[in-house]
Structure formats: C-alpha cells, structure tokens
Amino acid sequence: MKEIKVFSPASVSNISCGFDVLGFAMEGLGDIISLKKIDKKGVFIKNISGFNIPLDVKKNTATVALLAFLEKLDYSYGFEISIEKNIKPGSGLGSSAASAAGSVYAANMILGEPFTLNQLVEFAMQGELISSESAPADNIASSLFGGIVLVDNFTKYKVINLPIPQDIFAVIHHPLISVSTSESRNQLPNKVLLKNASDQLTNIASFVHSLHTNNIDLMKLSLNDHLVQNQREDLFPYFKKIKNISNEMGSLCCSISGSGPSIFSLVSGYKLAEKIKLDIDKGFIKMGVKFNSYLSTFGSQGARVLQF
Ligand code: HSE
C-alpha cells in the first residue's frame, strides 16, 4: 500500500471534571488526511485546503508528528501529505490534535502498523507541542483511540478507554471566535486549594464509576470542575447564559470544551439533546454570536481509514 486517506475526529477534552486527563471523540467533524509514501526521504506538504495552517513542515502539527514517527524508524523513504482542514484552529475542539493524530495513524497503516496506538500518541504529541508548549494528550488520545479516554500525561501518555454509557449525547456549540490553548492556559493559576483538588478527585472517581455502572444520576453529580472553569468563564461572556439554558432544559452538564471557546452539554436521550441543541442555537442567535453546532454521540469512533 502506498497511499491512504484517513478521517481523524475532532474531540472534546476535560469533560468537566477531568482537566487535562479526560476527553471524547466527536461524530461528524474531523480532518481528512491523505498520505502517500514516496521514494524521496523526508516529509512534504502537497496541499492544504479548508482552514489555514502552517505550510512549513517544522511548524505544521501533522508534519512535525510525522517527522517524530519517522525518526523512530530506519528509513530511506518519505511521505507526501494533503490535509482537508475542517476543524477551525483555536476552536477548543482538538484541531491541532486531529491533524497530528490523523497523520501518524495514516503513516502507521501504510507501513503495516509497526507501532501501537499508544506509541502513536507519543509521536502525535510532538506535533501538538508545536502549537501549545504545555499541551496535554487529552485531545490526541481522543482522536486516536476514539470513545471516552483517560490519559496519563506523565507516563508516556498511557491511554485507557472508558466504557461508553447508553443513550447519552453531546450537544456541542462552537462560537466562531478563536482562542489559542496557550492563551487560555495562561489564565490558569499555578496553585489550587487543597479542598478544590480533593473535590475534583471525588468527581473524577465518581464519573469513572458512573460510566462503569451506567449510573446517570451519579454522572450528573460528578460533572463539575473545581480547578479551571471559574478562571476561564470570563473569557467567554456568553457562557453563563448558555449554561443556564442547558441546565434548565435538563442536561447533565454544560461546560467549556478544552480551553474554549466551544462549549458542550451532555444529555440523556436523543430527543432531549435535539431540543437542547435548538434552544442553545436560539440563545446564541439572540446574543448575536455566530456559531456552529453539532449533536454527537458521547464517544465516537477514533481515527479511521476512508480509502486505501
Ligand atoms: N485540556 C486542555 C486545557 C486543552 O483545558 O487547557 C486541550 O489539551
């Protein structure tokens, strides 16, 4: 096999109670990566369509990830890459991660899978770190593994896929403004109160238990953040109004996706999710904020082959 086309999904990280360690893959939005193995050594960009991203292979998250991948191999060949960039950079939906994850996933498939998905996370992270120096692997792990992930950022990004609960949907709104992950992370304190850390621990443990037991009431109780959301909310003036709409309609949570500006609600039942999406749409229209919105399964498939 010399050529491949893959889809690499957008993702929502943090999931309220899991700052930097939880994430899930989205349905219906993602980048498309076409990769061709060539005789010339190195990595070359053939074409980029959609949103603008760097054309310099040392600054583009996908090509930096590919170079990290190749460095681990004794190689005499190269790759030519084309990217359909469908996820807006600075959306809080794992845009840089999706391109980086998709490119190493494609390279691995072309070469007959010499690496595990966990190893691919390490290569893709080299790309992710180009766009944000302190980025964790929550979005990369979501795009590569799919479903709902828990990632350990300290031990070579070990990833665990958590159970997907029945009949839970994600309503995602992307207001069309850009916020860089570094900018949003700069707002965060270096220290947190012990009480807040303890509350966060309770929530994440309860959340993981709720997934294993499909306990929706416990899930709702656990979907709260005690570490970062307060500091970030002011960056997004629409957030509180939208959260009220979502909560009043009966969502399980409404929270910032990753470092923002996108926000997401988790909802039990498809019909209610449709209603909540529509009401939040109306809320944004009323505030005069342009947006895109999505209704996704809570934990969709990860990077996948579209065409050999
Ligand atoms: N989890 C990160 C944050 C963003 O909240 O800053 C994505 O890696």
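Just so you know, ligand 1 is whichever comes first in the structure, and atom 1 is the first atom listed for that ligand.
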Practice prompt. Indicate, with yes or no, if Met109 and Leu73 share a hydrophobic cluster defined by side-chain heavy-atom contacts under 4.5 Å among Ile, Leu, Val, Met, Phe, Trp and Tyr.
Written response: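 In one cluster with Leu73: Met109, yes.
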Discussion item. Checking side-chain polar atoms at under 3.5 Å, does Lys85 have a donor or acceptor matched by the opposite partner on Ser95?
Written reply: yes
Counting only heavy atoms closer than 4.0 Å, does ligand 1 sit against the backbone of [X], its side chain, both, or neither?
X	result
Val228	neither
Arg232	side chain
Ser13	side chain

Ring centres under 6.0 angstrom apart ([X], [Y]):
X	Y	answer
Phe79	Phe44	no
Phe291	Tyr238	no
Phe284	His173	yes

Discussion item. Between ligand 1 and Asp138, is the shortest N or O to N or O distance under 3.5 Å?
Written reply: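 Min N/O separation from ligand 1 is below 3.5 Å for Asp138.
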Discussion item. Are any of the N/O atoms on Glu128, whether in the backbone or the side chain, positioned under 3.5 angstrom from an N/O atom of ligand 1?
Written reply: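 No, there is no polar N/O contact under 3.5 Å.
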Practice prompt. Just jot down the side-chain hydrogen bond (donor to acceptor under 3.5 Å, both in side chains) partners of Glu113, sequence neighbours excluded, or say none.
Written response: none
Report, in ascending order of atom number, the atoms of ligand 1 lying under 4.0 Å from any heavy atom of [X].
X	answer
Phe19	3 (C), 5 (O), 6 (O)
Asn14	1 (N), 3 (C), 5 (O)
Gly258	5 (O)

Worksheet item: What protein heavy atom sits nearest atom 3 (C) of ligand 1, and how far away is it?
Response: Arg185 NH1, 3.1 Å
Worksheet item: Among all protein non-hydrogen atoms, which one is nearest to atom 7 (C) of ligand 1, and what is the separation to 0.1 Å?
Response: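 Nearest protein contact, heavy atoms only, for atom 7 (C) of ligand 1 is Asn139 OD1, 3.0 Å.
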Worksheet item: Can you find a non-hydrogen atom of Pro136 under 4.0 Å from ligand 1?
Response: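 True for this residue.
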Worksheet item: Can Lys72 be said to sit on top of Phe123's aromatic six-ring, NZ or CZ under 6.0 Å from centre and within 45° of the ring axis?
Response: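 No, cation not above the ring by the 6.0 Å, 45° rule.
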What pairs of donor and acceptor atoms, side-chain ones from residues 133-140 against any protein atom, are under 3.5 angstrom apart with sequence neighbours left out?
from, atom 1, to, atom 2, distance (Å)
Ser134, OG, Arg185, NE, 3.0
Asn139, ND2, Ser11, OG, 2.8

